[in-house]
Peer 1: 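Please find one structure pasted underneath; my questions will follow.
Naming convention: chains lettered A, B, ... in sequence-line order (proteins, then strands); numbering from 1 in each chain. Hydrogens, waters and symmetry mates are skipped; everything else that's a heavy atom, side chains included, is used.
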Number of protein chains: 2
Amino acid sequence: MKGGGVAEKQAEEKSTGRARGIDRVIALMEHLHSRRAPTRIADIARDTGTPRSTMYELVNTLVEARWLELRDGDGTVYFGPAMHYYGSDYLDSVDLIRKARVEVAHIAETVGETAQFCTLDGDKYLVVLNEPGRRMFRISSEIGIKVPIPWTASGRLLVDHMAADEIRRFIPPEDFVLPDGRRIAEDEFLEDIGRARTQGYVRTTALVDRFTTCLAAPVRDAAGRCIATICFVVPADTTEEAQQGMIDTLKASAERLSPGRP
Amino acid sequence: MKGGGVAEKQAEEKSTGRARGIDRVIALMEHLHSRRAPTRIADIARDTGTPRSTMYELVNTLVEARWLELRDGDGTVYFGPAMHYYGSDYLDSVDLIRKARVEVAHIAETVGETAQFCTLDGDKYLVVLNEPGRRMFRISSEIGIKVPIPWTASGRLLVDHMAADEIRRFIPPEDFVLPDGRRIAEDEFLEDIGRARTQGYVRTTALVDRFTTCLAAPVRDAAGRCIATICFVVPADTTEEAQQGMIDTLKASAERLSPGRP
DNA sequence: GACCGATGTCCGATATTTCGGACAAACGGT
DNA sequence: ACCGTTTGTCCGAAATATCGGACATCGGTC
């Protein structure tokens, strides 16, 4: 529609179309991660701007290394077991994450609701660990997906060390617009942050999802700066009493994860 | 030995030392996985036979993509967060593994001992999921590490669909030698397998580790073939009573994971 | 049965990436 | 302060990996 669509979102290659295999592979993996589903080789080639013959060649190599796996029997590929091994090595190698796994698993199991461990990545919010609760209808974000800070409860904790105008500069303006088009007022957002700091936790309801409430508590470093959060994702109609219990649970876990205590 | 060695399975380098970037990257990641620790770039280059300048170039690319991370400030690198994201995508995409995560997390939490989910990879045993228990001294194998089948309790279940001589052909002879040099008698091993099949579980003690007992139960496909196991790793002095309870727990979990039931 | 689109393989040419080696800077021991 | 070792960057040359396009298959549709 319309006339002059510019339409270049990619804009990667500079001179020629030729690229290194490794760069093609990175684009390939990134693409699979964003699609989050087994994908046909030809589609990957098209969507990443990789020549078809090159993509076949690379996929063969990666399948052999178990980085990728052929799925189903239709010609789709997706991540293979090697990624799981390498990812586990990463989790084990980061002290805070290793401890957080224990906490998240524990509170998700005992409380029975989805629990998460989150941090910032640049100016976006990021779910690092996610442990689904016992509910049938799992409410849970996906690991490794970046989300605008204002959309989340945790986001209100993760920037609470910044001054007001610092925050305004830090968060891209468009990130205050929710998926449904509503706009979060910056003042209210800043108020939330202030209240969160004094209360030691945050609660948000019906932000990204109309029927979901998020409860989050801050993990702080020795200097008191919020470096991560631990949180519950629960149905909005959860009783106030139950929510209070979860908040206490979160605060206790967050405290245990905060470096600089015995 | 003897004369007639036929095939080289490796057969990688043919003429020159030159290799594709992607192959060097695969070797790099494999090396980090086997070392299981942040490693200096020069060391990786030496140990993988990659030219130093090439390795630096590749590492820079991979660090930018978050596949790798510079650690500590000394010049070591290790896996980065991207691996965790891709690995999580893999786990979520495999039906049996996704269900197994729930079971393993649940029984590890409720029983308080290390629980694992294991399969075969070729002719080796492989830990796919590992959830540490509440013990101080964590007894737990590492994810993604291959182990000879006879060294493990689960191994005795995973080959129980094969005939005796089929098993003898399947398992490399050297795999019957334990880390401490002791040799597992093939007959006893085969007996173990038979007993396991009738009992519906396996117990082994002081196999790889003198003070450790493993309890394992089979996950079977619709045809009754053992496709995976779920198991506990506990101290050898755990009371018989407690072990019986764990065996029941394992059998129940394994049953839930076995495809072909409501 | 002819047509169309998608899948996977193969091949030769050339633009490019790998490689070796040189170099500067940082480090550490004596 | 001296010297040997290690880390990280840079550069030109040449071996080769990427690319485009052709081709053979397969499956579904009209």
Peer 1: Please determine if a side-chain N or O atom of B/Arg24 lies less than 4.0 Å away from the OP1 or OP2 oxygen of C/dC19.
Peer 2: yes
Peer 1: Where along residues 53-63 of chain A does a heavy atom come under 4.0 Å from DNA chain D, residue by residue in number order?
Peer 2: A/Ser53, A/Thr54
Peer 1: Of the options C/dG8, D/dG20, D/dT7, whose atoms approach the side-chain atoms of A/Pro51 most closely?
Peer 2: D/dG20
Peer 1: When the distance from CZ of B/Arg18 to P of C/dT17 is rounded to whole Å, what number comes out?
Peer 2: 10 Å
Peer 1: Report yes if a donor N or O on one partner sits less than 3.5 Å from an acceptor N or O on the other, where the partners are the side chain of A/Arg52 and the base of D/dG20; otherwise report no.
Peer 2: no
Peer 1: Are a donor atom and an acceptor atom from the side chains of A/Ser154 and A/Thr152 found within less than 3.5 Å of each other?
Peer 2: no
Peer 1: Given atom CG of A/Asp23 and atom C1' of C/dT18, what is their separation to the nearest angstrom?
Peer 2: 14 Å
Peer 1: Quick one: do the B/Arg36 and A/Ser93 side chains pair a donor with an acceptor below 3.5 Å?
Peer 2: no
Peer 1: Without decimals, in angstroms, what is the distance between B/Ile44 CD1 and D/dG8 P?
Peer 2: 11 Å
Peer 1: Tell me, with the steps shown, if A/Ile167 and A/Ile193 meet side chain to side chain contact (heavy atoms under 4.5 Å, CB included).
Peer 2: CA-CA 10 Å; A/Ile167 293 174; A/Ile193 294 172; 3.8 Å; yes
Peer 1: What is the distance, to the nearest angstrom, from the CG atom on B/Leu70 to the P atom on D/dT7?
Peer 2: 13 Å
Peer 1: In residues 26-40 of chain A, what residues come within less than 4.0 Å of DNA chain C, judged by heavy atoms?
Peer 2: A/Arg40
Peer 1: Going by an N to O cut-off under 4.0 Å, is there a salt bridge joining B/Asp175 and B/Lys124?
Peer 2: yes
Peer 1: List in chain and number order the residues that pass salt bridge (charged side-chain N to carboxylate O under 4.0 Å, His left out) with B/Asp95, two or more places apart in sequence or in another chain; answer none if no residue qualifies.
Peer 2: B/Arg98, B/Lys99
Peer 1: Looking only at side-chain N and O atoms, does B/Arg20 come under 4.0 Å of OP1 or OP2 in D/dT18?
Peer 2: yes
Peer 1: Indicate whether any N or O donor in one side chain lies under 3.5 Å from an N or O acceptor in the other, for A/Tyr86 and B/Glu30.
Peer 2: yes
Peer 1: Determine, for A/Glu69 against A/Arg71, whether the closest basic-nitrogen to carboxylate-oxygen distance falls under 4.0 angstrom.
Peer 2: yes
Peer 1: Could you tell me how far apart A/Asp43 (CG) and C/dA6 (P) are, to the nearest whole angstrom?
Peer 2: 9 Å
Peer 1: Tell me whether B/Asp23 is salt-bridged to B/Arg20, with the criterion being a basic N under 4.0 Å from an acidic carboxylate O.
Peer 2: yes
Peer 1: Any salt bridge linking B/Arg168 with B/Glu166? Criterion: basic side-chain nitrogen under 4.0 Å from a carboxylate oxygen.
Peer 2: no
